[in-house]
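See structure below.
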Amino acid sequence: AGTVPRRRPPRSDMGRGLTLFLLPLVLLAGPAQAEGGTAAAVVAEEVKIEVLHLPEVCSPKSKKGDLLNAHYDGFLAGDGSKFYCSRTQNEGHPKWFVLGVGQVIKGLDIAMMNMCPGEKRKVIIPPSLAYGQQGYAQGKIPPNATLIFEIELYAVNKGPRSVEAFNQIDKDSDKKLSELEISQYLKEEFARDGKKRHPSVHDEILADIFKKNDHDGDGFISAKEYNVYQHDEL
């Protein structure tokens, strides 16, 4: 509860509490949306973007699949009331999310493309790219509401479905992830995390990853099953 703009991808309870380092595997369970192509370009025109601050050094610019860290406040355009403030959630820590995969509303996915660390934007998002005719009662967003967000972006990192993330796990470079490779990766990240966990957690997460991602049941997770984005090349 609390994070109004987010749409959390499917994930098992056992994955909660894992550190950011485990995102390349934990987020495998959240299927990415299809590439928008021409349609995405059309709807992008419906999001109004005002750049409030642009740093002198603007690199790297955000793209689909990147892991972003940002603060954002949400307002109803109708009466200007604030319905969300990330600074009052999660002890005030900025939010981490993967851009372009539906972890936030479509309008934010569009509004935060080609944004650089340190940049601030004010964006206006129409209902069709927010909560539509249904609204979002829990977040006090009425039906057909136009939303305004003030966004401050802190970091742009390679996302969990990048080629770099895939290759980091693929130790033998055979373009597929074996149970042994993912098991070793989990062990390394648990060690880096330093938190105490019951030994069964490792096996449960490993089984869950393959259950959700080994679609052809061959015992490996291919680049296609891993869902490396089209702008990357293996």
Side-chain angles (χ1 to χ4, degrees), residues 3 6-37 39-40 60 62-69 95-106 108-109 112-113 155-234:
T3 308
R6 295 189 62 180
R7 292 177 180 171
R8 297 186 180 225
R11 57 185 295 184
S12 64
D13 289 342
M14 68 188 73
R16 295 175 185 171
L18 295 182
T19 65
L20 180 61
F21 299 114
L22 284 175
L23 278 172
L25 289 173
V26 174
L27 288 183
L28 281 170
Q33 297 174 349
E35 294 287 341
S62 61
K63 63 183 182 298
K64 182 177 180 180
D66 283 341
L67 184 64
L68 306 188
N69 185 236
K95 301 299 179 183
W96 287 100
F97 62 94
V98 180
L99 184 64
V101 302
Q103 290 188 335
V104 292
I105 57 174
K106 183 64 175 179
L108 279 176
D109 270 338
M112 296 184 70
M113 291 287 183
V156 177
N157 296 329
K158 286 289 184 180
R161 290 183 182 148
S162 65
V163 168
E164 289 83 356
F166 185 92
N167 290 340
Q168 182 182 0
I169 306 170
D170 184 21
K171 300 293 186 182
D172 60 7
S173 301
D174 63 353
K175 308 306 179 187
K176 57 185 179 182
L177 307 181
S178 68
E179 185 173 327
L180 180 62
E181 287 172 329
I182 294 181
S183 174
Q184 182 60 35
Y185 183 81
L186 284 173
K187 290 177 181 178
E188 292 172 357
E189 296 305 330
F190 282 158
R192 188 184 311 183
D193 177 83
K195 294 182 179 179
K196 293 183 179 180
R197 296 180 178 86
H198 191 277
S200 65
V201 172
H202 170 276
D203 295 337
E204 290 173 350
I205 293 177
L206 185 62
D208 193 55
I209 288 170
F210 273 86
K211 179 180 179 181
K212 288 184 170 69
N213 299 279
D214 182 17
H215 304 305
D216 60 12
D218 66 350
F220 295 90
I221 296 176
S222 66
K224 183 177 181 180
E225 289 170 327
Y226 185 90
N227 201 8
V228 170
Y229 290 124
Q230 293 182 13
H231 63 250
D232 289 330
E233 295 180 357
L234 280 170

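Sequential numbering from 1 along the given sequence is applied to the chain's residues. Keep in mind that the numbers below use all heavy atoms, side chains included, and drop hydrogens, waters and symmetry copies.
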Please report the interatomic distance [atom1]([X]) to [atom2]([Y]), rounded to the nearest 0.5 Å.
X	Y	atom1	atom2	result
Ile182	Ile205	CD1	CD1	12.0 Å
Gln168	Glu188	CD	CD	8.0 Å
Lys63	Leu68	NZ	CG	10.0 Å
Leu177	Glu225	CG	CD	9.5 Å
Leu108	Gln103	CG	CD	12.0 Å

Could you tell me whether the side chain of [X] and the main chain of [Y] form a donor-acceptor pair under 3.5 Å?
X	Y	value
Asp170	Asp174	yes
Glu179	Phe210	no
Ser62	Met112	yes
Asp66	Leu99	no

Measure across Glu181 and Ile169 and return the closest heavy-atom pair with its distance rounded to 0.1 Å.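 Looks like CB-O, 3.5 Å.
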Closest heavy-atom contact between Phe166 and Ile221?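 So the two residues come closest at CE1-O, 4.1 Å.
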Go through the structure and list residues passing side chain to side chain donor-acceptor pair (under 3.5 Å) with His215, not counting sequence neighbours.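 Side chain to side chain donor-acceptor pair (under 3.5 Å) check on His215 returns nothing, list empty.
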Validation row: Leu180, Lys171 side chains within 4.5 angstrom (heavy atoms):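 They are not in contact (no side-chain heavy atoms under 4.5 Å apart), so the answer is no.
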